[in-house]
Undergrad: 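The structure that follows is given in the form of structure tokens.
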Amino acid sequence: MSDTPQGEINAETTGNAAEGGAKDFIRTFIDEDLATGRYTHVHTRFPPEPNGYLHIGHAKSICLNFGIAGDYQGKCNLRFDDTNPAKEETEYVDSIKDDIRWLGFDWGESEFYASDYFDQLFDWAKQLIGKGLAYVDSLSPDEIRAHRGTPTEAGRNSPFRDRTVEENISMFEAMRAGEYPDGAHVLRAKIDMAHPNINMRDPTMYRIRRAHHHRTGDTWCIYPTYDWAHGQSDSIEGITHSICTLEFENHRPLYDWFLEKLEVYRPRQIEFARLNLSYTLMSKRRLLELVKEGHVSGWDDPRMPTICGLRRRGFTPQALRAFARGIGVAKRDSMIDVAFLEFCLREDLNTAAERRMLVLNPLKVVLTNYPEQQEEWFEADNNPEDAAAGHRKIPFSRELYIEQDDFMEDPPKKYFRLSPGKEIRLKHAYYITCDEVIKDAAGNVVELRCSYDPESRGGGTPDGRKVKGTSHWVSAAHAVDSEVRLYDRLFSVEDPADTAEGQDWRDLINKDSCEVLTGCKAEPALAQAAPETVFQFLRQGYFVADRRDHTPEHPVFNRAVGLRDTWAKVQKNG
RNA sequence: UGGGGCGUCGGCAAGUGGUAAGCCACCAGGUUUUGGUCCUGGCAUGCGCAGGUUCGAAUCCUGCCGCCCCAGCCA
């Protein structure tokens, strides 16, 4: 698949035809809108609030919005919903842009901010006041809440609801001018305090808040609420299809009300279910806590479901896009099995990642019949799934390391790796037979004495005899010591968001989610790996040279995902 | 007891009145110099439940049941 994200129509961006799949309900709506002439083109937007790092749930939305723009030869804007200066920071806007670009999408010149529209929004607010559709309320937050009513009881009008247009205008101007302390007044839409939809019970449009805004600095002391800003921002940008998550469905009548009263262009809002992934959390608040409380090393900790975390873990943009395409889009709440995410990565990397050999837990092997000073170099294919990946040289010598798991002194029936008297193949090299087991005082196996068959050079013999097992190995003299980080799911339960009464979600964190191995033995070519290069370590899994810590002097690899392990399954099922 | 949504295989998800796609997971075989990949086969007489309409219903009607969202001057 190409890396071209936008504008180009192909199987990857359409996510249907080529796979024989059906269109999701959003694209079906768009088809209808185009057919009926409700809209003549397609223009979407991805509207993050810069108050945290993007996670895989955002990736779903990004792929959806940019993907649709691509499918319909339309455009997709990037718009930062920065209406709450208390929580937003430039660090976040930068990380968001990095992540979207890395995912493979390009918004061109279409980078906007809700704060670009503060002046327009202010004028529109006055317009509504002028129409008698908005008023300055001087109730305290508690009083406003008390007046709002409950889902089953109507609210009550604020005593300030009937201020004159003149008074409202002058007070609103005074709010902006900084003549009142924070929280003294708010501007509210005048709709219906008895409305069955609580969002329509005179929602707040502006609040007084002296906070430094990451873009407008201190020029404003009143800020629009999201509800007041969002629909108009879409309208200003000429968005045709405003795609958002389910929780905003209740707000749609409000957005439509504002647009209707303002008599401006109206986009169509379509809601879909947000992504939930098993064994992790998606709430920004929780992710922030994980970082701030030090449960993880940062936003890009390889166990985090953030885009930068997945990137550091070894995920590829291709795998993430395939994942987004594969899970579909619908309105029902769902929980995606993390196994599907892992599948998407393996599927991409099986053809994309070059193979290398690295021994995680080394066990020394001495080939007693191999000449002491001899050394030879075997040629190994970099990827059996891709001839174009070429070959590399691997050194072989008398002393080697194999995986501790690849030897058992007293093996069960179906074990076909090395054991006393048994013969296996060393990948790309020779057949070896285990002749003697050396143990330390405590009885631990510390070394194997084996003999090799010179006839088996390359991995086969003239007599054509078969060996059941093939192990990876590394020449001891040439091995490069490496650090390998084995990651596992961050939480020990499928749905950590679903905590029982009195239970702290922190207790659900998987204490064994990161195992650091040192002294792993890597084939020499691995020291040269550039950071972020992903490899398949033969028979083990996909590993990436850590983006931050990997150097030729101190190689560090993160396990992105293990290979499917049928042997482990056989053992487990007895 | 209000309003808005949603209920199709263990997990996703097509299906829009004509007799239940596909993917993941799982199971059983085959190939294999990775117990990987790949290939083959299996996996919902059933679509939340109960009635009804119809020659025919996951699709239409009625009534139940269950789950999610909404009472921020968060987004």
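Just so it is clear, the structure is predicted and the values come from calculations on it, not from any experiment. So that the names make sense, note that chain A is the first sequence line, chain B the second, and so on, each numbered from 1. In what follows, every heavy atom counts, from backbone to side chain, and hydrogens, waters and symmetry copies are set aside.
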Undergrad: Classify the nucleic acid contact of A:Met200 as base, sugar-phosphate or nothing, counting any heavy atom under 4.0 Å across all strands shown.
TA: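 Nothing: the residue A:Met200, judged by heavy atoms under 4.0 Å, touches no strand.
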Undergrad: Could you check if a side-chain atom of A:Lys331 sits within less than 4.5 angstrom of a side-chain atom of A:Glu271, using non-hydrogen atoms only?
TA: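 Yes - at least one pair of side-chain heavy atoms lies under 4.5 Å apart.
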Undergrad: Which atom pairs, donor and acceptor, lie under 3.5 Å between side-chain atoms of residues 181-194 of chain A and protein residues at least two apart or in another chain?
TA:
residue, atom, partner, partner atom, Å
A:Asp182, OD1, A:Arg210, N, 3.1
A:Asp182, OD1, A:Arg210, NH1, 2.7
A:Asp182, OD2, A:Arg210, N, 3.0
A:His185, ND1, A:Ser138, OG, 2.8
A:Arg188, NE, A:Asp137, OD2, 3.2
A:Arg188, NH1, A:Asp202, O, 2.8
A:Arg188, NH2, A:Asp137, OD2, 3.0
A:Lys190, NZ, A:Arg161, O, 3.3
A:Asp192, OD1, A:Ala194, N, 2.8

Undergrad: Once hydrogens and angles are ignored, does a donor-acceptor distance under 3.5 Å link the base of B:U34 to the side chain of A:Arg355?
TA: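 Present.
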Undergrad: Using a cut-off of strictly less than 4.0 Å, decide whether A:Arg274 has a side-chain nitrogen or oxygen near OP1 or OP2 of B:C69.
TA: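 Indeed not, no polar side-chain atom of A:Arg274 lies that close.
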Undergrad: When the aromatic ring centroids of A:Tyr430 and A:Phe396 are compared, is their separation below 6.0 Å?
TA: yes
Undergrad: Would one find a side-chain N or O of A:Arg417 under 4.0 angstrom from OP1 or OP2 of B:U34?
TA: no
Undergrad: So, OP1 or OP2 of B:C73: does either fall under 4.0 Å of a side-chain N or O from A:Thr204?
TA: yes
Undergrad: Mind checking A:Val467 for me? I need base, sugar-phosphate or nothing, with any heavy atom below 4.0 Å counting as a touch.
TA: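 Counting heavy atoms under 4.0 Å across all strands, no contact is made by A:Val467.
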Undergrad: Do A:Gln536 and A:Leu349 have side-chain heavy atoms sitting under 4.5 Å apart?
TA: no
Undergrad: Hey, are the side chains of A:Val365 and A:Trp473 touching, using non-hydrogen atoms and a 4.5 Å cut-off?
TA: no
Undergrad: Measure distances between side-chain N and O atoms of A:Glu249 and base N and O atoms of B:G3, and say whether any donor-acceptor pair falls under 3.5 Å.
TA: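 There is none.
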Undergrad: For A:Pro151 and for A:Asp227, locate the closest nucleotide of RNA chain B by heavy-atom distance; then report the residue assigned to the nucleotide nearer the 5' terminus.
TA: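 It is A:Pro151, whose closest nucleotide lies nearer the 5' terminus.
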Undergrad: Parallel, tilted or perpendicular: which describes the rings of A:Phe537 and A:Phe535, with under 30° parallel and over 60° perpendicular?
TA: parallel
Undergrad: Any residue in residues 344-352 of chain A with a heavy atom nearer than 4.0 angstrom to RNA chain B? Just list them by number, or reply none.
TA: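 Contacting residues: A:Asn350.
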Undergrad: When you measure from the side-chain N and O atoms of A:Thr566 to the phosphate of B:G36, is any distance below 4.0 Å, counting only OP1 and OP2?
TA: yes
Undergrad: Judged by each residue's nearest nucleotide on RNA chain B, which is more toward the 5′ side, A:Gln536 or A:Phe340?
TA: A:Phe340
Undergrad: If you look at every strand shown and take non-hydrogen atoms under 4.0 Å, does A:Thr150 touch a base, only sugar-phosphate, or nothing?
TA: base
Undergrad: Would you please confirm or rule out a distance under 4.0 Å between OP1 or OP2 of B:C74 and any side-chain N or O of A:Arg285?
TA: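 Result: no.
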Undergrad: Using a cutoff of under 3.5 Å, can you pull out all pairs of nitrogen or oxygen atoms linking the protein to nucleotides 66-68 of chain B, with atom names and distances?
TA:
residue, atom, partner, partner atom, Å
B:C68, O4', A:Asp333, OD2, 3.4
B:C68, O2', A:Asp333, OD2, 3.4

Undergrad: Within the 4.0 Å heavy-atom criterion, would you say A:Leu426 contacts the bases, only the backbone, or no part of the nucleic acid?
TA: nothing
Undergrad: Quick one: label A:Pro47 by what it contacts on the DNA or RNA (base, sugar-phosphate, nothing), any heavy atom closer than 4.0 Å.
TA: nothing
Undergrad: With rounding to whole Å, what would you report as the distance between B:A21 and B:U16 at their P atoms?
TA: 12 Å
Undergrad: Mind checking A:Phe537 for me? I need base, sugar-phosphate or nothing, with any heavy atom below 4.0 Å counting as a touch.
TA: nothing
Undergrad: When all nucleic acid strands are considered with a 4.0 Å heavy-atom cut-off, which category describes A:Tyr223: base, sugar-phosphate, or nothing?
TA: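 Since no nucleic acid heavy atom lies under 4.0 Å of A:Tyr223, the category is nothing.
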Undergrad: Report yes if a donor N or O on one partner sits less than 3.5 Å from an acceptor N or O on the other, where the partners are the side chain of A:Asp337 and the base of B:G10; otherwise report no.
TA: no
Undergrad: The test is ring pair (Phe, Tyr, Trp, His ring centres under 6.0 Å); show your working for A:Phe118 and A:Phe122 and say whether it passes.
TA: CA-CA 6 Å; A:Phe118 281 178; A:Phe122 183 79; over 10 Å; no
Undergrad: Compute whether any side-chain donor of one residue and acceptor of the other, for A:Asp463 and A:Thr461, lie under 3.5 angstrom apart.
TA: yes
Undergrad: So A:Lys569, base contact, sugar-phosphate only, or nothing? Heavy-atom distance under 4.0 Å.
TA: sugar-phosphate
Undergrad: Take atom P in B:G56 and the same atom in B:C65, then report the distance between them in whole Å.
TA: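 Each nucleotide's P atom is 29 Å from the other's.
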Undergrad: Can you say whether a donor on the side chain of A:His147 sits under 3.5 Å from an acceptor on the base of B:A71, or the other way round?
TA: no
Undergrad: Report which part of the nucleic acid A:Leu341 touches: base, sugar-phosphate, or nothing (heavy-atom distance under 4.0 Å, all strands).
TA: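 No contact at all - A:Leu341 keeps every heavy atom at 4.0 Å or more from the nucleic acid.
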Undergrad: Can you tell me the pairing partner of B:C38 across any strand shown, Watson-Crick or G-U wobble, with both distances under 3.5 angstrom?
TA: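 Here B:C38 is engaged in a pair, and the nucleotide opposite it is B:G30.
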Undergrad: Could you check whether any side-chain heavy atom of A:Met282 comes within less than 4.5 Å of a side-chain heavy atom of A:Ile56, counting everything from C-beta outward?
TA: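 Heavy-atom side-chain distance check passes, below 4.5 Å.
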Undergrad: Under a 3.5 Å limit for both distances, which nucleotide forms a Watson-Crick or G-U wobble pair with B:C47, could you say?
TA: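 Because no pair has both required distances under 3.5 Å, B:C47 counts as unpaired.
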Undergrad: Between A:Arg148 and B:C73, does any side-chain N or O lie under 4.0 Å from OP1 or OP2?
TA: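 So the side-chain polar atoms of A:Arg148 do come within 4.0 Å of the phosphate oxygens OP1 or OP2 of B:C73, strictly under.
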Undergrad: CZ of A:Arg210 versus C1' of B:C73: gap in Å, rounded?
TA: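 Taking CZ of A:Arg210 and C1' of B:C73, I get 14 Å after rounding.
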Undergrad: Reckon A:Arg209 has a side-chain N or O less than 4.0 Å from the OP1 or OP2 of B:C73?
TA: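 A:Arg209 to B:C73 OP1/OP2: no side-chain N or O under 4.0 Å.
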Undergrad: Any heavy-atom pair between the side chains of A:Tyr117 and A:Gln232 that's under 4.5 Å?
TA: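 No, side chains not in contact.
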Undergrad: For A:Arg332, which contact category applies under a 4.0 Å heavy-atom criterion: base, sugar-phosphate, or nothing?
TA: base
Undergrad: Which part of the nucleic acid does A:Leu538 contact within heavy-atom distance under 4.0 Å: base, sugar-phosphate only, or nothing?
TA: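 Base, at least one base atom sits under 4.0 Å.
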Undergrad: Partner of B:G66 by Watson-Crick or G-U wobble geometry, both contacts under 3.5 Å, or none?
TA: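 Paired with B:G66, as far as the under-3.5 Å criterion goes, is B:C6.
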Undergrad: Taking the inter-plane angle between the rings of A:Tyr255 and A:Tyr226 on a 0 to 90° scale, is it parallel (under 30°), tilted (30 to 60°) or perpendicular (over 60°)?
TA: perpendicular
Undergrad: Closest to the A:Glu385 side chain: B:A71, B:U37, B:A75?
TA: B:U37
Undergrad: Reckon A:His195 touches a base, only the sugar-phosphate, or nothing at all at heavy-atom distances under 4.0 Å?
TA: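 Nothing, no heavy atom under 4.0 Å.
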Undergrad: So what does A:Thr83 touch, heavy atoms closer than 4.0 Å: a base, only the sugar-phosphate, or nothing?
TA: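 Counting heavy atoms under 4.0 Å across all strands, the contact made by A:Thr83 is with sugar-phosphate only.
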Undergrad: Compare all side-chain heavy atoms of A:His230 with those of A:Phe248 and state whether any distance is below 4.5 angstrom.
TA: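 In short, these two side chains do not touch, never coming nearer than 4.5 Å.
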Undergrad: Counting the atoms with a prime plus P, OP1 and OP2 as sugar-phosphate, which does A:Phe248 contact under 4.0 Å by heavy atoms, base, sugar-phosphate, or nothing?
TA: base
